[in-house]
Amino acid sequence: MQDEQELVKRAQQYNEEAFSELYELYFDKIYRYISLKIGNRIEAEDMTQLVFIKALHSISSFKWRGSPFSAWLFRIAHNLVVDHFRKKTREPVTALSDTVMATDDNPEKLAELKIDIEKLAMAVKKLTPTQQEVIALRFSGEFPIAQVAEIMGKSEGAVKALQHSAVVSLRKILNVV
Amino acid sequence: MKDPFEEILDDCIERLLLGGASIEDCLKLYPDQASALKPILETALITKRTTAIEPRPEFKAKARYQFHLAIQDLQTNKGRFFSRLRLQWATALTAVVILLLGSSGIFVAANNSIPGNPLYSVKLAIEQVQMNLTFSDAGKANLLATLADRRVDEIIQLAKIGATDKILESNNTLSNQLEMITAIITKGDNYWQDNVLSGKEEQAGAEFDDQTTRSPDAVAEPPLVDSPVPPVLGTGKIDSNFSYEDNEFSKVITTLQIDLAVNLQALEELIPSLTESVKSAINETMITIETGYSIAIDAFSE
């Protein structure tokens, strides 16, 4: 946390290296978070870029109030996702599973993974908004429960309960899908 | 009160997610809960596996490059208010206008005025000077984007004092200016020069005058965002042949994309504190913002 605080301080002075470090630190997590929430690759890519551009232009207004920098960054991402769904002018055109890269795995495994991703994306959409948020932050963002609680403005106990209900619901939905 | 099972489940998920443990490892730790834990942890593991989506390397590289350009541009423009004026003689002429006003106090007061204030016409005059002395289409679009953003700021101020009529007037001007940006973008690089500078100035000028004389704008200030970020954000369309140097409109698009998100958020936050009549006017403004900005942004990618 101390290191990150120093990093953010330097970024607020327009230090390119500090900006870059924060960017590398959170880019993948922000992308995964947005991807899972909106289920569309192109939109997720655009929105991920927008999160960082927006952060760049407003980082001077960021103040440490006990919450980590990531909470602020994910708040920006969250607001953009909310805005996206409010607009809802475009329907998904590029499936999330298209992001799966060809690896050394055999084609069957790759196909299975793509199906799993699509199933999960559909299942997540059936969760409540707060359950979705927990899944996105905990599994895509890989945040510890305490940080998820800070980002969501809830107690750790409440987030654990949401996590429990979300995974149970996912199991039920996935068994049906 | 803590639920023991939720505590155990969270501990296991933490181990699965960050510690690299297997389901069997977790079940051994909590044998009494094994039967209840197992199905949930299996789902958690599937979720973990399928959410580990990596961004495409080419997208990541491109995004990184664009971000660095944006940083560099921000560094260049940091703290350079007046140096942002691209045409030096525009600065000079604006300064003359300020002198004619009699004192800088009036200038500052005009800058802070909102529709309904006696100094508001002074703002419009200065804005007119700035607009007339910006010759490139991209420059005009950029300036209009800045003015549109300021209009939203003024609408927020008007909402706080309950000036519904003025909000609606400002909303019209905002809508007109966003339409002008779209018009400039869609009509090509030389639209403004063709119409204003080559003998058609009466027609084009009248169009612009109509907007500005009714507009509650702040003192004409250079565009706030100059970062050369390409027109890929929020459009869903990435042009792989895009040239950063050649296309000044990319700056405008970035500005519009950021303003769209920020302005909507600002108005949303304002709504709970408003009376019904003001709320209705603000809702109308939000529709203008959603449609006006989106159309201008989309116009660029078409």
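By convention in this document, chain letters (A, B, ...) are assigned in the order of the sequence lines, proteins followed by strands, and residues within each chain are numbered from 1.
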I'd like to verify something: which residue of Arg138(A), Glu156(A), Glu24(A), Gln163(A) has the highest number of heavy-atom pairs under 4.5 Å with chain B?
Arg138(A)
Could you have a look at Leu170(A), Ile76(A), Ile135(A), Ile145(A) and say which one has the most heavy-atom pairs with chain B under 4.5 angstrom?
Ile145(A)
Nearest-0.5 Å distance that lies between atom [atom1] in [X] and atom [atom2] in [Y]:
X         : Y         : atom1 : atom2 : value
Leu174(A) : Thr47(B)  : CG    : OG1   : 6.5 Å
Asn79(A)  : Leu264(B) : CG    : CG    : 11.0 Å
Phe139(A) : Ile46(B)  : CZ    : CD1   : 11.0 Å
Asp28(A)  : Lys60(B)  : CG    : NZ    : 3.5 Å
Arg64(B)  : Phe52(A)  : CZ    : CZ    : 11.0 Å
Ile258(B) : Ser58(A)  : CD1   : OG    : 8.5 Å

Run the side chain to side chain contact (heavy atoms under 4.5 Å, CB included) check on Lys160(A) and Leu9(B) step by step: do they pass?
CA-CA 8 Å; Lys160(A) 283 175 187 172; Leu9(B) 177 63; over 6 Å; no
Which atom names give the shortest non-hydrogen contact between [X] and [Y], and what distance separates them?
X         : Y         : answer
Ala261(B) : Lys54(A)  : CB-NZ, 3.9 Å
Phe27(A)  : Ala63(B)  : CZ-CB, 3.9 Å
Val167(A) : Ala44(B)  : CG1-N, 4.0 Å
Glu6(B)   : Gly157(A) : OE1-O, 4.4 Å

Residues Arg171(A), Glu42(B); criterion side chain to side chain contact (heavy atoms under 4.5 Å, CB included); working and verdict
CA-CA 9 Å; Arg171(A) 181 167 184 82; Glu42(B) 282 170 353; 3.7 Å; yes
Verdict with supporting geometry, Gln49(A) and Phe59(B), side chain to side chain contact (heavy atoms under 4.5 Å, CB included)
CA-CA 10 Å; Gln49(A) 284 184 280; Phe59(B) 154 65; 3.8 Å; yes
Answer yes or no: is there a side-chain heavy-atom contact under 4.5 Å between Ile40(B) and His164(A)?
yes
Report, as yes or no, whether the 6.0 Å neighbourhood of atom CD on Glu17(A) holds more than 12 heavy atoms from other residues, nucleotides or ligands.
no
Does atom NZ of Lys154(A) have more than 12 heavy-atom neighbours from other groups under 6.0 Å away?
no
Would Val82(A) and Gln265(B) satisfy side chain to side chain contact (heavy atoms under 4.5 Å, CB included), going step by step from the backbone distance to the final call?
CA-CA 10 Å; Val82(A) 169; Gln265(B) 190 181 338; over 6 Å; no
Give me the ring orientation class for Phe67(B) and Phe19(A): parallel if the planes are under 30° apart, tilted from 30 to 60°, perpendicular past 60°.
perpendicular
May I ask you to decide whether Lys48(B) forms a salt bridge with Glu142(A), counting only side-chain N to carboxylate O separations under 4.0 Å?
no
Contacting moiety of Leu56(A), where chain B heavy atoms sit under 4.5 Å
both
Glu14(B), part contacting chain A, at a heavy-atom distance under 4.5 Å:
both
